[in-house]
J.: 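First, the structure itself, so that you have it in front of you.
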Amino acid sequence: MPRYNPSEIEPRWQRYWEENKTFRTPDTVGDKKLYALDMFPYPSGEGLHVGHPEGYTATDIVARYSRMKGISVLHPMGFDAFGLPAEEYAIKTNTPPEVSTEKNIQTFTRQLKQLGFSYDWDRKISTTDVGYVKWTQWIFLVLFDTWFDSEQQKGRPISELPIPDDVSAAGQDAIREYQDDHRLAYQSDALVNWCPALGTVLANEEVKDGLSDRGDHPVERRPLRQWMLRITAYADRLEKDLDPLDWSDGIKKLQCDWIGRSTGAEVDFFIGDQSESESWMSRRAESGFPRKQNSQCLRVYTTRPDTLFGATYMVIAPEHSAVETLTTENQKSAVDQYCRSAAAKSDRDRQDEKQSKTGVFTGSYAINPVSGEPIPIWIADYVLISYGTGAIMAVPGHDKRDYDFAKKYDIPIIPVVHPPAGSDVSAADVDSGAVCFADHGVAVNSGPYDGQPTADVKKAITAKLQQDGLGCAAVNYKLRDWLFSRQRFWGEPFPILHEIDENGNKTGKIRAVPVESLPVELPELSDYRPRSESSPDGQPKPPLERADDDWLFPVIDGVKYRRESNTMPQWAGSCWYYLRFIDPHNDEVFIDPDLEKQWMPVDLYIGGAEHAVLHLLYARFWHKVLFDRGHVSSNEPFQKLVNQGMILGENEFKGYRGSDEQWISAAEVTENEAHKPVLKSDGATELRAVTVEPDQVEKQGEFFVLSVDPSIRIDSRAYKMSKSRGNVINPDDIIANDGADALRLYEMFMGPLEQSKPWSMSGVSGVRGFLDRAWRMIVDDRAEELQLHESVGVHEVTEEQNRTLHKTIKAVTQDIEKLSFNTAIARMMEFVNFFTRQDKRPKSVMEQFVLLLSPLAPHLSEELWALLGHPQTLAYEPWPEFDEAAMVESSIEIPVQIMGKNRAKINVPPGLSKDDLLKAALANERIQELLEGKTIRKEIVVPDRLVNIVAN
RNA sequence: GCGGCCGUGGCGGAAUUGGCAGACGCCUUGGACUUAAAAUCCAAUGUUCCUUGGAGCGUGCGGGUUCGAGUCCCGCCGGCCGCACCA
């Protein structure tokens, strides 16, 4: 029986596409091109999640649509396969991670093929492929070979780095060291979370209450020698170049906030006796503001130089280099104790304690350069060593944090800004120190600047400081350089060699692995565990240190080296995969420059919002370096970016029961810190959350309540899918029941692409019903053989049928262009509803419809296309065109309102002039009745839309 | 705390951007077909009031602009997601 049977149709067409290489990328790009890219997945052991196909279907629809529009399409897929889960699994089972990774990639590939995506599978890549790792390492060497010329705002070859005379005078080693200090990839002693027991560096997220997440071992903050990438050099360009991109404002803002550019001034405060400050200042007025601060002063960064007159104390971070010199004898023990306890805290712990600020007085004073008054210098961990200069001038009157601190330690507050006229804050409250006013306003107690608005004072004081050699305008970023090394096994080895002496000790000289020796492959190990004890020099010992000597100690030109044993983080591979897709098999270069020019940039990039910041920032950074060095022609990689929303589990009703099984209304329930439901009244009595069936619940006013007891309120919401909640939907099950076309269509029909939305099983059967109806509109499902429905044939197309067709073509075309797939599907449903009622369904119209449906439901469409008499795939059939003339209605219904309320409807021909439309409205009997005895004050006539008459 | 997004029927969501609120789908109810069921098809389906026909009220709440507001402005309330001492 020729019922619609996706499990028979779909594998058949998938085989057809694969055997005929239907979606092979064209060798040469035509007039128009589309590079449609998905954020490639990490191939986890769990297999595909229903969230994956959402974005993938969206790009696939656009790719298929574009091919039919005659556009050259590149639509690839691959795998971001380095990562921790594979390594954990390897440790547990002692099998090489590449084995489980390969298995997972095969599962993912099978699942993706079952969804009928039109990827060019010949371009499949995995970041773990040796041929891919080679070029990841090569790009690292480009970073290693590049320095950033801040004048030209451009990365340049290290060989072009100007060497200062004093450095070149000091010899070759000094020059080499100077170069190493300026490379975009450099080694640095960064403060990191170091866990001695685990022998590894941990991410902030892996540390809780100063203990390691796994094993509860103590973690300390220590400077360790790590590889860093100088992304901060590109901060300005990463921010500015966002502007012309077709990204949502939300994502642009997230990136901007992450970069965190702020402008202000650096200011030097003289340290020492008040009497000497005058002469120091006059010397400064002559010498100007020095590039580096010296020990006579403390340099701060501030965004509010206008509040300088209100600076009543200073704060330096506990790690500041001046701590020792500033601490006086009788403060020494208190300072030592404070700094030691601060060092033991992770960043997270410091943040947790932000409610109550802590600090300690150094015993020293600085001189406020504008007032000449001595002000105390404190140490407090609310000042971060990693931002600005690690020191601040504190203005408690106009900074919330300084205000809290000053209140706690009883430090004077001087108000220097009054709220502007119309502010909620009163000047009197600011003067009395009752409130902290952090906004812009008007200067007071600021000498010559009194009465001027904040913005002007900022400029004027900065200029004055500059003139006096006490300060200069400055820019700062929250963005930090990128800590790029990991003590893990399953990642790309660094292509770097450390020179060693006869005793095997590092000399400090490093060199790149010669390009012709790339890739540096991972060595074979018998044990993937991180080392549990640290090496004698206190540095972590990554697993790669246990490699054979052959791997670990190469000799080049008679010089002995030790390989770098850290690996790159998972981000590395995803930083440039979009380039490799363009030329995936090239062994000579990472990408052919001609092909790069033809295909870049990516025209549509779709993926989850979880990568909105880091991945996109990192990839853009690498791309800009490659651009500066002439390896790519485009400045930005991703022209249009769309973040799909999250697919949540099915909606759940949740009720609460007390210890005696009594129902408790949700209105009386709150959550405690452990996210357990408790009674709101005491915040302690634990309750049990139970799922309530939908038929036991009804809506009353704003809330859902129990049908049997309306005084009991029930919570209603959808939760994130998770294994522990048991609400995970497996795409394989949906495909088995209703087919890939139904899954694709349902995920597109759920709602706007970028919105989070709950799953609904009956919604799936809804779209399956539509596919069934579309099938029956064309196929005779009661016949023995597969044949056309008796109503389908070579019929004259009626005017109404033609109008429906062209309206549908127009709507679907525009909706696909807007990525508004839910409404495109709704229009096709209307089409099917209409033509199912037609006894004569012209074959030509059915064909056009099948083409419209094909990007969304490709298997069903191919099957119907074949049945309509076309032996070849429809993938390259021309996309249907619409004709405005065919859409014109003979008569349209116009509402007539009186005082904005609908009172009648009139039928008029479209395009009627204002006057005629008004005449027709006034001619209406009912309108005449209602207007009787009233005076018409005003008539609003919108042609083809409505008439509104104002009368009383 | 700061920032972003969002509140429309029982549910997911539409609404040519200021012009008929609730397209399309789900759920529910009724009917046709059937010995029966499934499947399919047809119809009803925001809410209240009255007698058909209609009238009133309705887009989280309160105000405003307008002939006209889901859409614009001001002030609240609620939800979700980021960031979190960045001077």
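Lettering follows sequence order; numbering is per chain, from 1.
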J.: Under a 4.5 Å cut-off applied to non-hydrogen side-chain atoms, are A/N727 and A/E652 in contact?
T.: yes
J.: Assign the ring pair A/H615 / A/H611 to parallel, tilted or perpendicular, where the plane angle (0 to 90°) is split at 30° and 60°.
T.: perpendicular
J.: Can you check side-chain contact (heavy atoms from CB on, under 4.5 Å) on A/F821 and A/F749, steps first, answer last?
T.: CA-CA 7 Å; A/F821 306 115; A/F749 188 59; over 6 Å; no
J.: Base, sugar-phosphate alone, or nothing: which one does A/L254 contact when heavy atoms must sit under 4.0 Å apart?
T.: sugar-phosphate
J.: Could you run down nucleotides 23-53 of chain B 5' to 3' and tag each one B, S or - for protein heavy-atom contact under 4.0 Å?
T.: BBSS-------------SS------------
J.: Reckon A/R937 touches a base, only the sugar-phosphate, or nothing at all at heavy-atom distances under 4.0 Å?
T.: nothing
J.: Is the A/W759 ring parallel, tilted or perpendicular to the A/Y746 ring (thresholds 30°, 60°)?
T.: perpendicular
J.: Among B/C57, B/G13, B/G19, which nucleotide sits nearest the side chain of A/Q897?
T.: B/G19
J.: Heavy atoms only, 4.0 Å cut-off, all strands: where does A/K478 land among base, sugar-phosphate and nothing?
T.: base
J.: Check whether NZ of the Lys or CZ of the Arg A/R841 lies under 6.0 Å from the centre of the six-membered ring of A/F835 and within 45 degrees of that ring's axis.
T.: no
J.: I want to check a possible cation-pi pair here: A/K654 against A/Y719, using under 6.0 Å from ring centre and within 45° of the ring axis as the test.
T.: yes
J.: State which residues pass side chain to side chain donor-acceptor pair (under 3.5 Å) with A/S248; sequence neighbours excluded, sorted by chain then number.
T.: none
J.: Could you write out RNA chain B as a dot-bracket string, with dots for unpaired bases, | for bases paired across to another strand, and Watson-Crick or G-U pairs counted at under 3.5 Å?
T.: (((((((..(((......[....))).(((((.......))))).((((....))))..(((((..]....))))))))))))....
